[in-house]
Visitor: 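There's a structure below that I have some questions on.
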Amino acid sequence: VQVTSVRVGDLLIHFMPGEYFGYFSLYLKEHSVCEHTVICELSNKKIGYIATKEARKMGGYDASPSSYIIMDENAADQVLDAVKENMKKL
């Protein structure tokens, strides 16, 4: 998963492929190394919706199997791991 993170002073911008559930933005802002964090979805690639494991179990809009949903149950963790690695380097 290609995730690009850029730091400008106390602003951190993450450019991430796909569309994410709100949990991701909240998590990344809470664990950010900067006071201000911006999440730019659909950057680097359009790979579909990425749901949390909990949302996938519940199903419903954007969490049920379809051609636009990333069904790999580890996709969310892979993206968060990539962002965490980027933050360590900044």
Visitor: Taking M87 as the starting point, is it possible to reach F24 by hopping between hydrophobic residues whose side chains are less than 4.5 Å apart?
Guide: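 Yes, because F24 and M87 connect within a single hydrophobic cluster, where side-chain heavy atoms sit under 4.5 Å apart.
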Visitor: Which heavy atom of N86 sits nearest to which heavy atom of V3, and what is that distance?
Guide: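 Nearest pair, atom of N86 first, then V3: ND2-O, 2.8 Å.
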Visitor: Honestly curious: do L11 and V6 fall in one hydrophobic cluster under the side-chain, below-4.5 Å linking rule?
Guide: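 Yes, L11 and V6 fall within the same hydrophobic cluster.
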Visitor: Can V33 be reached from V8 by stepping across I, L, V, M, F, W or Y side chains whose heavy atoms are under 4.5 Å apart?
Guide: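 No, separate clusters.
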Visitor: Excluding sequence neighbours, so at least two apart, what forms side chain to side chain donor-acceptor pair (under 3.5 Å) with Y23?
Guide: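 Applying side chain to side chain donor-acceptor pair (under 3.5 Å) to Y23 gives none.
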Visitor: How about Y27 and L80: do any of their side-chain heavy atoms sit closer than 4.5 Å?
Guide: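 They are in side-chain contact.
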Visitor: Could you tell me the separation between the NE2 atom of H14 and the NZ atom of K29, rounded to the nearest 0.5 Å?
Guide: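 The NZ atom of K29 is 10.0 Å from NE2 of H14, to the nearest 0.5 Å.
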Visitor: Please tabulate, for the side chains in residues 34-43, all donor-acceptor contacts under 3.5 angstrom to protein atoms that are two or more places apart in sequence or on a different chain.
Guide:
from: T37; atom 1: OG1; to: S32; atom 2: OG; distance (Å): 2.6
from: E41; atom 1: OE2; to: Y20; atom 2: N; distance (Å): 3.2
from: S43; atom 1: OG; to: C40; atom 2: O; distance (Å): 3.2

Visitor: Taking side chain as C-beta onward, heavy atoms only, is M16 less than 4.5 Å from V79?
Guide: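 Yes, close enough: below the 4.5 Å cut-off.
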Visitor: Does R7 reach the side chain of I13, with side-chain heavy atoms less than 4.5 Å apart?
Guide: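 SC-SC contact between R7 and I13 ruled out.
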Visitor: Kindly write out the residues that satisfy side chain to side chain donor-acceptor pair (under 3.5 Å) with E85, not counting sequence neighbours, or none if the list is empty.
Guide: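 Only K88 meet the side chain to side chain donor-acceptor pair (under 3.5 Å) criterion with E85.
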Visitor: Side chains of L28 and V83, heavy atoms from C-beta outward: is any pair under 4.5 Å?
Guide: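 In short, these two side chains touch, coming nearer than 4.5 Å.
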Visitor: Could you pull out the closest heavy-atom pair between P17 and I50, with the gap in Å?
Guide: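 Where P17 meets I50 most closely, the heavy atoms are O-CD1, 4.3 Å.
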